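Beneath this line is the structure, given in structure tokens, with notes to follow.
Throughout, residue positions are numbered sequentially from 1 according to the sequence presented. What you are looking at is a predicted structure, and each value in this text was computed from that prediction instead of being measured.
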Amino acid sequence: MPPGLLALPAALSVSTPAFAHGLFDAHVLDRAPLLLTALLVAAAWLLYLLGGRKVAPRRHEALCFHAAMLLVVFSVFGPIDDWAETSTAWHMTQHMLFIIVIAPLWALARPLPQWRGVTGRFAQPLWTGILRAGRYPTLLALLHGAVIWIWHTPKLYVLALDNLWWHAFEHACFLFTGWLFWWSVLRANPKQVPQALMAVLLTLMHTGLLGALLTFGSVSFYGEGRSVEDQQLAGLIMWVPGGLIYLIGGGWIAWRWLTRMWRRQNTQAAAPDL
């Protein structure tokens, strides 16, 4: 399963207040999607900790992973999920945390060695598939973009609010495809850099377009109960902070590529003539 569905029981215990989508505010059967999500989050976190004993992660990678997991707990089980029920702006904030904060943190954390260290051959096909998918940044950008647009159509947007199973599946789609996208672009090798930059540019453009549509919309797309002003704020959240993160990501990819080229040129220039 994708790591993004994935929180340690101790971390989840802080989310005991009653929220509309909280873990402890209704019958167990009604909260089954959230309980399942909590178990998956806890399992991924625990596997990472156990795997870290076999394959020690770098300090900055471990910090990125734990920060991302804490944000998953806050975003999925904290008050923001409750506020998102009635506010388009808060709903967009939650989505952007998934897409432009948690997902790139997972990519920078590089958790596969730790998970593979625990699961061994059992989950090898999954890890192999993820690594192979990372070779195609443009295709993953298209997949991630399709997920973003599909879940922002009015019918599916409202469906995710009304049904907890669809709500959990929506989160899984954002987190998993977002992780794959950022994994492919931030970990691109020199030959893949042009594709990675194209993937980031494509994502910047279509998310900016969606943000602009929400910002300049004169009617509420998601029901009369949501104000147009709140929807416009949601569009700005996607358009401005989201666009900035994609620009930073593209700049980092280009800088990393140029740095490698300069080092190679300096090495060749310093090499003695044969």
Fill in: Derivation and outcome, side-chain contact (heavy atoms from CB on, under 4.5 Å), residues Trp106 and Val72
CA-CA 11 Å; Trp106 276 337; Val72 169; 3.7 Å; yes
Discussion item. Apply side-chain contact (heavy atoms from CB on, under 4.5 Å) to residues Thr177 and Ile148 and explain how you reach the verdict.
Written reply: CA-CA 9 Å; Thr177 63; Ile148 292 174; over 6 Å; no
Item to complete: Evaluate the criterion side-chain contact (heavy atoms from CB on, under 4.5 Å) for residue pair His66 and Trp45; output intermediate values, then yes/no.
Response: CA-CA 8 Å; His66 293 305; Trp45 209 338; 2.9 Å; yes
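Closest non-hydrogen pair, Cys173 versus Val147, comes out as CB-CG1, 3.7 Å. Between Ala32 and Trp165 the shortest heavy-atom distance is CB-CZ2, 4.0 Å. Of all non-hydrogen atoms in Thr203 and Ala141, the two that sit nearest each other are OG1-CB, 3.9 Å. Contact between Arg256 and Leu186 at its shortest, heavy atoms only, is NH1-O, 3.2 Å. When all heavy atoms are compared, the tightest approach of Tyr222 to Val158 is O-CG2, 4.2 Å.
A 6.0 Å sphere centred on CZ of Phe221 holds more than 12 heavy atoms belonging to other residues, nucleotides or ligands. With a 6.0 Å radius and a threshold of 12 heavy atoms from other residues, nucleotides or ligands, Trp255 has its CH2 atom at or below the threshold. Within a 6.0 Å radius of CH2 in Trp166, no more than 12 heavy atoms belonging to other residues, nucleotides or ligands are found. Counting heavy-atom neighbours within 6.0 Å of Trp83 CH2, excluding the residue itself, gives a total above 12.
Below 30°, between 30° and 60°, or above 60°: for Trp179 and Phe176 the angle between ring planes is between 30° and 60°, a tilted geometry.
Side-chain N or O atoms of Gln231 include one that pairs as donor or acceptor with a backbone N or O of Val219 at under 3.5 Å. Proximity of a side-chain donor or acceptor of Glu61 to a complementary backbone N or O of Pro111 within less than 3.5 Å is not detected. Judged by distance alone, the side chain of Trp115 and the main-chain N or O of Ala44 form a donor-acceptor pair under 3.5 Å. Between the side chain of Glu85 and the backbone N or O of Asp82, no donor-acceptor pair lies under 3.5 Å. Side-chain N or O atoms of Arg135 include none that pairs as donor or acceptor with a backbone N or O of Ser184 at under 3.5 Å. Ser227 places a side-chain N or O within donor-acceptor distance of the main-chain N or O of Asp230, the cut-off being under 3.5 Å.
Taking hydrophobic clusters as Ile, Leu, Val, Met, Phe, Trp and Tyr residues chained together by side-chain heavy-atom distances below 4.5 Å, Val228 does not share a cluster with Leu210. Follow the hydrophobic side-chain contacts under 4.5 Å out from Leu131 and you reach Trp182 in the same cluster.
Annotation: side chain of Phe65 is not in contact with side chain of Arg110 (no heavy-atom distance under 4.5 Å). Two residues are said to be in side-chain contact when any heavy atoms from C-beta on lie closer than 4.5 Å; Val200 and Phe181 meet this criterion.
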Report all side-chain donor-acceptor pairs from residues 88-102 shorter than 3.5 Å, counting only partners two or more places apart or in another chain.
{"from": "Thr88", "atom 1": "OG1", "to": "Arg226", "atom 2": "NH1", "distance (Å)": "3.2"}
{"from": "His91", "atom 1": "ND1", "to": "Tyr157", "atom 2": "OH", "distance (Å)": "3.0"}
{"from": "His91", "atom 1": "NE2", "to": "His95", "atom 2": "NE2", "distance (Å)": "2.9"}
{"from": "Thr93", "atom 1": "OG1", "to": "Ala89", "atom 2": "O", "distance (Å)": "2.9"}
{"from": "Gln94", "atom 1": "NE2", "to": "Ser75", "atom 2": "O", "distance (Å)": "2.8"}
{"from": "Gln94", "atom 1": "NE2", "to": "Asp81", "atom 2": "OD1", "distance (Å)": "2.6"}
{"from": "His95", "atom 1": "ND1", "to": "His152", "atom 2": "NE2", "distance (Å)": "3.2"}
{"from": "His95", "atom 1": "NE2", "to": "Glu170", "atom 2": "OE2", "distance (Å)": "3.3"}

